[in-house]
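In what follows, a structure is listed as C-alpha cells, so that the remarks can point back to it.
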Protein chains: 2
Amino acid sequence: MKASEQIQVEVVLVHAPVVNKIGETIGSAVTNLDLHDIARAGKTFGVETFWVVTPYEEQQNLVNQITSHWTAGHGGKVASDRAEALSIIKVSPDLESVIASSTKKNGRKPFILTTCAKALTNELHYEAVRDKIFDGEPVMLLFGTAWGLAPSVMEIADATLPPLKGGSSFNHLSVRSAVSIILDRLLSVDRY
Amino acid sequence: MKASEQIQVEVVLVHAPVVNKIGETIGSAVTNLDLHDIARAGKTFGVETFWVVTPYEEQQNLVNQITSHWTAGHGGKVASDRAEALSIIKVSPDLESVIASSTKKNGRKPFILTTCAKALTNELHYEAVRDKIFDGEPVMLLFGTAWGLAPSVMEIADATLPPLKGGSSFNHLSVRSAVSIILDRLLSVDRY
C-alpha cells in the first residue's frame with residue numbers, strides 16, 4: 001500500500017441532473033452545510049478536490065462567495081482549519097467539464113464510481129475500490145443531492161458502490177453522512 | 001454474532017458541558033441539522049435512542065418543537081421516513097439523567113464511551129466495542145458539540161474511542177460526520 005499522499009481521489013457533489021421524490025430529473029439548490037461537512041471530511045481523508053456541480057450561475061456565485069469568505073475573507077482569519085478544508089472546493093457547471101479537467105490533470109480518465117441507496121448490477125465492493133485507490137489509480141466519487149443521481153449519470157459510471165447497510169430496513173442517510181462513511185471506508189488508515 | 005435487533009446502543013449529543021476553542025467549559029446551542037443527520041444515521045444503524053443533552057429550557061423546547069413537527073406535525077405527513085428517524089430523539093437536561101434512564105431500562109449501567117479528536121490513554125478499539133455491542137452489552141456513545149466534551153465528561157467514561165484517521169494531518173470533522181463514521185464502524189453489517 002502506497003503512502004496516502006499519492007492517492008488521487010476526487011469527490012463530486014451533483015446538484016443537476018438529480019431526481020426528485022417521484023423520479024423526475026431536476027436541479028437542486030446548494031446547501032451551505034454540505035460544503036462545510038464534505039470539505040472537512042474530504043480534507044481529513046486526503047481528497048484532492050471536492051467538486052460542486054451546478055448549472056445555475058447564481059448558485060455557482062453562492063458557492064464561490066461561501067468558499068472565498070472562509071479561504072480569502074474574514075472567516076479564514078478566525079478559523080484557519082476551515083480555510084484549509086474549504087480550499088479543496090471547486091465549482092463546475094456540469095459533470096463533463098469535471099471529468100475533462102481530471103483527465104487533463106492526471107493524464108488519464110478517472111475511474112468513475114456512483115453511489116446509490118439501492119443495489120445495482122454494476123457493483124464494485126469497497127475493498128476493491130480501496131485497492132484501486134492505493135494502487136494510485138485516479139478515482140472519482142459521484143454523489144447526488146435531492147433523491148439521488150439521475151439515470152443519465154448512473155449510465156456513465158464505471159461501477160457503483162453497494163448501498164450502506166446498517167442492520168435496519170431504514171436507509172435514508174443525509175448525503176453528508178453518506179460521503180463521510182464512504183470516505184472512511186475507502187480512505188481511512190487506521191481501520192485494519 | 002447476534003441479530004442486530006438485539007443491540008442496545010444509545011447516542012448522546014452533549015451541548016453542555018463542552019469546551020470552547022480555548023478550552024473553557026461552556027454550553028453550546030443546538031444545531032437543527034445535527035438532529036436530522038444524527039437521527040437518520042442512528043435509525044439506519046439501529047440506534048435505540050438519540051439523546052440531546054442541554055440544560056437550557058428554551059433549547060429543550062426548540063428540540064421538542066423540531067422533532068414534533070416531523071413526528072406528529074405536518075412534516076411527518078409529507079415525509080414519513082423523517083418521522084421515523086426523528087422519533088428516536090429524546091431530550092434531557094443532563095448526562096446523569098440519561099445514564100440513570102438507560103440503567104433503569106436495561107437493568108444495568110451501560111458501557112460509556114467517549115469520543116475525542118486526540119488520542120487518550122483509556123482507548124478501546126472499534127473491533128472490541130463492536131464485540132461488546134453484538135454480545136448484547138448496552139453501550140452509550142457520547143459526542144461533544146463545540147470543541148468537544150468537557151474533561152468532567154471524559155472522566156466518567158469507561159473508555160474512549162481512538163481518533164479517526166484519514167491519512168492527512170487535518171482532523172476537523174463535523175460532529176455529524178464523526179457520528180456517522182463511528183456508527184458505521186461499530187454497527188454496519190456489510191463491511192466484513
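Letters A, B, ... are given to chains in the order of the sequence lines, protein chains preceding strands, and every chain is numbered from 1.
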### Message
I need the minimum non-hydrogen distance between S168(B) and T44(A), along with the two atoms involved.
### Response
OG-O, 2.9 Å
### R176(A) and S174(B), any side-chain heavy atoms less than 4.5 Å apart
no
## Note on the structure
When the 4.5 angstrom heavy-atom criterion is applied to V78(B) and chain A, the contacting part is backbone
### Task
Measure the shortest side-chain to side-chain distance between F170(A) and I88(B) over non-hydrogen atoms and say whether it is less than 4.5 angstrom.
no
### Message
With a 3.5 Å distance limit and no angle check, can you tell me whether S177(A) reaches the backbone of S180(B) through a side-chain donor-acceptor pair?
### Response
no
### Message
Starting from V14(A), can I reach V19(A) by hopping between I/L/V/M/F/W/Y residues whose side chains sit under 4.5 Å apart?
### Response
no
### Message
Need one label for P162(B): side chain, backbone, both or neither, based on atoms under 4.5 Å from any heavy atom in chain A.
### Response
neither
### Summary
Of the listed A39(B), A85(B), S169(B), A178(B), the one with the largest count of heavy-atom pairs under 4.5 Å with chain A is A85(B)
### Message
Working to the nearest 0.5 angstrom, can you tell me the gap between L33(B) CG and D37(A) CG?
### Response
7.5 Å
### Query
Can you hop from F111(A) to F143(A) via hydrophobic side chains spaced under 4.5 Å?
yes
### Summary
Between L164(B) and D190(A), the two heavy atoms sitting closest are CA-OD2, 4.1 Å
### Query
Quick one: what part of L173(B) sits under 4.5 Å from any heavy atom of chain A, side chain, backbone, both or neither?
both
### Query
Is there a chain of hydrophobic side chains (I, L, V, M, F, W, Y, each step under 4.5 Å between heavy atoms) that links L62(A) to L35(A)?
yes
### Donor-acceptor contact present, side-chain S188(B) to main-chain K165(A), <3.5 Å
no
### Task
Could you check K21(B) against D81(A) for salt bridge (Lys or Arg N to Asp or Glu O under 4.0 Å), going step by step and ending with a plain yes or no?
CA-CA 12 Å; K21(B) 198 174 182 177; D81(A) 58 300; 5.6 Å; no
### Query
What's the spacing between N171(B) CG and R40(A) CZ if we round to 0.5 Å?
10.5 Å
### Task
Could you state whether L124(B) and V179(B) fall into the same hydrophobic cluster, counting links through intermediate Ile, Leu, Val, Met, Phe, Trp or Tyr residues with side-chain heavy atoms under 4.5 angstrom apart?
yes
### Task
Say whether Y126(A) and F45(B) are linked into one hydrophobic cluster, either directly or through other cluster members, by side-chain heavy-atom distances under 4.5 angstrom.
yes
